[in-house]
Each structure stands twice: as C-alpha cells, then as structure tokens.
There are 2 protein chains.
Amino acid sequence: MNKRPSIKDVAARAGVSMATVSRVLSGDYPVADETRQRVQRAVRELDYVVNAHARALHGATSKVVALVVAEVTTPFFARIAAGVEQQATEANRLCLVCTTHADPDRELDVVRLMREQRADAVILAGGVVENDDYRARMRQYAQGLEDAGSRLVLCARPSLGPDFPAITVEYENVGGAHAATTHLLTAGHRDILMIAGPAGLTTSDQRVEGYRTALTAYGRPIDPALISHGPWDREGGYLRMRALIAAGARFTAVFAGNDGVASGAMAALREAGRRIPEDVSIVGYDDVPSAVDFNPPLTTVRVPQEELGRTAVKLATQRSGEASGREHVMLGTHVVVRGSVRAPAP
Amino acid sequence: MNKRPSIKDVAARAGVSMATVSRVLSGDYPVADETRQRVQRAVRELDYVVNAHARALHGATSKVVALVVAEVTTPFFARIAAGVEQQATEANRLCLVCTTHADPDRELDVVRLMREQRADAVILAGGVVENDDYRARMRQYAQGLEDAGSRLVLCARPSLGPDFPAITVEYENVGGAHAATTHLLTAGHRDILMIAGPAGLTTSDQRVEGYRTALTAYGRPIDPALISHGPWDREGGYLRMRALIAAGARFTAVFAGNDGVASGAMAALREAGRRIPEDVSIVGYDDVPSAVDFNPPLTTVRVPQEELGRTAVKLATQRSGEASGREHVMLGTHVVVRGSVRAPAP
DNA sequence: CTGTTAGCGCCTTCAG
DNA sequence: CTGAAGGCGCTAACAG
C-alpha cells in the first residue's frame, strides 16, 4: 500500500513549489499554462487528492452541512433528508446525517460533534416539545455553533422568535390542519374525531389548533371528547380508533394527525365494519408516498418536505454578507383530494 | 462573536502546557488528578471543543463512514441508511450520506470526495448494472480508497469475487425470489406473470433468476412472454400491467419485482375489474412499511435492510488487524404472508 | 507568474 | 507526571 501522496510529492514531481500546486488546485489564481499542465499531469500520475482536513484547518468552515433528526426511516424525514442532500450537493457541500431518537442527551452530543467538525450549517429538523428546557438548549446550541462558525437552522419546527440567532424554515402546519378540517366540514360532517399526536409536541399541537380554528370558524363547538392524543404511528391510530369505537364515540369523520395514524385508524374502522368513505370519512396529514395505496386512497395534507430541506440549506449557505442568519421562511401546504372523504349518510 | 478557543487557550487558562491538555482530552494517559480537574474546568469555562480536522490531520482516518446510494427517498435505501447510521453511532463514527442518481460521473466525484475526507469506510449500496465499465470503476475506487486508508464496502449488490479488495454484504436475493415464486406455485398457480425491473440491473436480474429456478424446479417451462422488464416503480408497474391486460396476457398470479411495482400493478388490476386475491394473486418484494396498508395487505419478501447497513459498518470498522477487508456476508430473506395470495379459481 | 515562509490546531516523540 | 519542539498537509501573505 502506497502512502498517499501529499502536495509536496506533487510539487516535487512537477518540479515546482508547493504553493504553485496549491494554486492550480484551487484554480482561482494566475498560473502559467505550461506550469499548470505539468502540475495537473503530476496530480494524475500520482492519483493525488487533497486532504480535506488540512484544507479545513485553514478556513473556518468545512464544506459540510449536517442534518439532525429524530429518525431517518420515516418518509417525512427521509424526504427532508433528500432535499437537504440535493441542495447540499448543489452548494458543493457534503451532507452529514445524525439521529437523536428524540433524546436530548444524544442531541447535545451530536451538536458538539458538529461543532468539532466545523460544519457550516446544522439543521435541526422535526417537531419538538417546546418547553423551557428546549429553549435553553437551543440557545446554548446557537451560541456554541455561532462560535464555531456554523449556522443553526430550525427546520419543520416553530421559530424561536425574530431575535433568536437561527434560520427557521417551517410550513403552514396550522393552516393545513385548518384546511383539512374545513374540507370535512364543507362535505357536511359535523362530528369530527381528531386522532392527534402526543400532547405538547409542536407538530401535533399545531394540527390540533388548526382543527379547532376550523371548527370555530364554522360555528361548531369544540368537544374535548373528540380529541385524542397519543403515539402517532400506525399502531397508535389503530389502538385508539378501536378503543374509541368500543367506547361508543359518535362521529362521521376522522381527522388523523398524520398518515400513519390514518392507516391504523382505517384498519380499525374496517374491522369494526365501518366502510370508508361510505360510513366514515377520513383525512390524513403529510401525504406520504404510500397514501395513494391506501384503501381507499387517502385524502391528506401535502407537506413540502423536500422543499423544507432544500430551503434550509439554501438559506444557510448563501453568502454570509447578504444574509442575517435569522431569516424566517414559511412554506405552504395544501389538501390533496383522493377517495377517503364523502358526504355523511343522511 | 468570540473566536473559538484552541487548545492553547485552554492551556493558558489552566496554567499547563498544550501537551497536558491534549492528554486529558484524549484520556488514555496518566495525568495528575488535580491537573486534570483544572484542565477540565478550563474546558468547561471556555466551552472548548476540539477541532476534528486538526485531529484528523494526524491519524490516517477521520471517524466518518460514508454511505453512497442512488437515492435517499425510497424506503429500501432509507432503511439501509438507518442501519448504517445506527451502527456508525455505535462505532463512534459520523455518517455521511451522498447520492449519485445512478450517474457514474457523480459516483466518481463522490468517491473522490470521500478520499479527500479520509472516510474510514465508503459503503456503496444498491443494485448496479454489472458490466466491464462497472468492474473497472470499482477496481479504481478500491485502489484509491485503500491508498487513502479507507475501506470499500459493497452493500446489497453482488460480490466482485474473493480477490476483489472490498467487503461485501448482500442478501439472499435469488433465494427470496425463488421462495416467492414457489409460494405462488404451491398455492396452485401455473401461469405467473413476472413484472421485473430493468434488464441488466443485478437486483432485478437476480429476482428473475429466482423466478426461473423456482418454475424449473417445479417442472414448469419458462414463458418469456410472461416476463416484463421495465422501470420498477409504481408507475412502471401500473403501465405495464395495464398494457399486459390490454394485450390479453393469460395469468392467474403476478410476481412483482418490488413492492412499488406491486402497488401499481394492483391499481391496474383493480381498474380492469380483477379482484385481488379472488381473481389474481400477487406477491411483491422488499416489504416496504406500507405493504401492510395495501388493499389487500401485500404478501412480499422481507429484505433485512437495516441489518445490511449495520453489518456493512460493523465489518468495516472492526479493528483492521483481525479483518482481511474482504469479508463476504450473505443475509437471509423470507416470504411474509399477508392477504394477496389465494388458490386460483378452478 | 513563482518560490519562501509562516502558521492553522493538534498529537507525539523526547527530555526533564 | 509534565513541558518543549517538531510536524501532519495545506494555504496565505510576502517577496522576488
């Protein structure tokens, strides 16, 4: 195994100084054509590649953006990741992906690692429990990352205010829920069950809020018994829907906190002999790719995940001069109408 | 904005030398307890973090593993990524994710970037068109990465032979297809349509091979007219199934090259008025999470994606001494029986 | 246009 | 147990 060549070896072989090699490598510097050729040939012959670390040791930054999420398997995060990766590539950056499993300790570790790496952007994505502890943590991260020359980006979660030193990219979460609920209301439904996510989680709470404002705007009262909080995966949707049916809850439509919940709820409804959409209408949230395969295809709310990821990187990597580092962007959502909603039986 | 502190600042504050700070930081070196305390306090007060690049400049490696895939959005790759990320974290490594969009040029770029990064493992995952060009490319990567001190891992794709300097982690792809086809045969089906992926792609070809061997083992002839090659996403499945139905193809069961194809094929069948599984049985491949939401739930082949990713990292990061760097692991697959197969109508 | 000379921040001998 | 000194590979002044 040959030891990997350094710029010095290239210089020797090309018969020039290290500085010259460095110059032709970086490109943006006048070098005689003939010299350039010689260097390039030496590079090729030695199969030389720069050492990114040595290079990064100089400038403050390191050409990598980091994405920090709770999990990578869910379609929601996978698509944010896709957007981040795309735009990172476009911005000539590498993309680091880390998971926290929603564990603050792990999150702290990860952010420290990112500081060590001098990543030029750290994107924290996904809903959170927005308590004092959270705010304190974020403030700490912002400080540490800024010192390390990185930009902090809050993605798919609420802004921490215009004074907080972070870029925020969120989506019309309340608005989407409002629209989804209104979609059911205008179809004629009045008793709408909401199977939400865990109470306190921003993503879920905002969707509940949209549900409430829509009902209120329609002159309907809010019935707390019709709002269920809990784990928002398929199983959570299944179990809670089954329990609600067993408890004799009265409703003609369901607003599921996300498509996973919708999937489970639909299974439970079917088991109980309720047909969709003849007996019960249902709307989901997120528009996961498989929503189209549901039975029937699920009407749901489209969230621009890739766009969220892309925008996060775009804002974070634009030249620092013309950016405040506190931009705040809100991306739109909209209802995708498929086959799971119908007017209630008279 | 404070300039980030260096080890020198910590040393000054703690009233010791840089060497001492370095020692307490790395941990594995005798340092007087009192001194250690002082240093640690200085670290805390300054909120100091090491510079990963300066550190990497020394050792050959850099504590990152890189995953290179065609896309990140498909559940198949997302789950491999999850496995890689998990095990990387466990092995105290960072996880870099890059996509190539199946473009060899882009792939070349990415591998070069990984060499620059001195990643200690580069995992190329997913099926490929295994031609001479591919083999030559891989040989080139292997060479370059070895020189850079990295390990090359081929994941979820065929080995390039025991002499090829790479770790390989694949799964029983032919076997899974064989089992899936046999599952249909034993249910009584004789005319089984195979909607495969693109011809030449290893993943798809192996599945076709399993289909063939199963039929042959059952004493059935292979009817080329029943094998369709093409894009293996939902749309590809939909369009081809629709065309096949229109062309009057005769079959009682379908083996879809993957679950996406199965999803599209099911939609086309339903549109044509064929009930599943009463009129037509269908088996997919991959067992994507949403397979359970299909109508009916899809019988399919489980591929251990997380395990593939985890194993790749595990093998690549085990201490070099006790590893040849040419390990070859084959992980199993199995049929997951759900509701999409039934005996053919008599 | 090109070469020389300092570091970047850290680790690692080698001496105390 | 601790400190001083050299160098990892590269870039960025500063001279020629």
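Since the model is a prediction, treat every value here as computed from it, not as a measurement. Residue numbering restarts at 1 for every chain, and letters A, B, ... go by the order of the sequence lines.
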Next item on the list: Please tell me if the side chains of A:V84 and A:V97 come closer than 4.5 Å, counting only heavy atoms from C-beta onward.
Entry: no
Check: Could you state the CD-C1' distance from A:E116 to C:dC8, rounded to the nearest angstrom?
Finding: 17 Å
Next item on the list: Indicate whether OP1 or OP2 belonging to C:dG3 is found under 4.0 Å from a side-chain N or O atom of A:Y29.
Entry: no
Check: Hey, can you pull the residues of residues 34-42 of chain A with a non-hydrogen atom under 4.0 angstrom from DNA chain D?
Finding: none
Margin query: Taking A:R112 first and then A:D109, would you say they form a salt bridge - that is, a charged N and a carboxylate O separated by under 4.0 Å?
Written below: no
Notebook entry, point to check: In terms of side-chain heavy atoms of A:R23, which of C:dC10, D:dG9, C:dG3 is nearest?
Noted result: C:dG3
Checklist line | Minimum heavy-atom distance B:G149-A:R4, with the two atoms named | finding: N-NH1, 4.3 Å
Note to self: Any side-chain N or O of A:S17 below 4.0 angstrom from OP1/OP2 of C:dT4?
What the structure shows: no
Notebook entry, point to check: Within this structure, what is the CZ-to-C1' distance between A:R55 and D:dT11, rounded to whole angstrom?
Noted result: 9 Å
Notebook entry, point to check: Roughly how many Å is it from CG in A:N51 to P in C:dC10, rounded to a whole number?
Noted result: 16 Å
Notebook entry, point to check: Counting just side-chain N and O atoms, does B:T20 come under 4.0 Å of either OP1 or OP2 of D:dT2?
Noted result: no
Margin query: Check A:R13 with A:D9, please: is the shortest side-chain N to carboxylate O separation under 4.0 Å?
Written below: no
Check: Any idea which heavy atoms bring A:C98 and A:V110 closest together, and the distance?
Finding: CB-CG1, 3.7 Å
Margin query: Can you measure A:Q117 atom CD to C:dG9 atom C1' for me and round it to whole angstrom units?
Written below: 14 Å
Check: Contact class for B:V21 (heavy atom, under 4.0 Å): base, sugar-phosphate, or nothing?
Finding: nothing
Item checked: Earlier contact from the 5' end, DNA chain D, for B:V31 and A:P5 -> B:V31
Next item on the list: Run the salt-bridge test on B:E306 and B:R310 with the 4.0 Å N-O cut-off and return the result as yes or no.
Entry: no
Checklist line | Integer-rounded Å distance: C:dG7 P and A:H53 NE2 | finding: 24 Å
Notebook entry, point to check: For the pair made of NZ in A:K8 and P in D:dT11, what is the distance, rounded to whole Å?
Noted result: 15 Å
Note to self: Exactly one of A:R151, A:R93, A:R115 should register a salt bridge (Lys or Arg N to Asp or Glu O under 4.0 Å) with A:D120. Which one does?
What the structure shows: A:R93
Next item on the list: Identify whether any heavy atom of B:A32 sits under 4.0 Å from a base atom; if not, whether one sits that close to sugar-phosphate; answer base, sugar-phosphate or nothing.
Entry: sugar-phosphate
Note to self: Less than 4.5 Å apart, side chain to side chain, heavy atoms only: is that true for B:E116 and A:K63?
What the structure shows: no
Next item on the list: Determine which bases of DNA chain C form Watson-Crick or G-U wobble pairs with both distances under 3.5 Å, and write the result as a 5' to 3' dot-bracket string with | for other-strand partners.
Entry: ||||||||||||||||
Notebook entry, point to check: Rounded to whole angstrom units, what separation is found between the CG atom of A:L57 and the C1' atom of D:dG9?
Noted result: 9 Å
Note to self: Under 3.5 Å, is there a donor on one side chain and an acceptor on the other for B:Y141 and B:E107?
What the structure shows: yes
Next item on the list: Identify which nucleotide among C:dG7, C:dT4, D:dG3 has an atom closest to any side-chain atom of A:H58, counting heavy atoms from C-beta outward.
Entry: C:dG7
Next item on the list: Check the pair B:V169, B:L331 against side chain to side chain contact (heavy atoms under 4.5 Å, CB included), reporting the backbone distance first and the verdict last.
Entry: CA-CA 8 Å; B:V169 184; B:L331 300 178; 4.3 Å; yes
Item checked: A:M18, nearest nucleotide to its side chain (from C:dT4, C:dC10, D:dC10) -> D:dC10
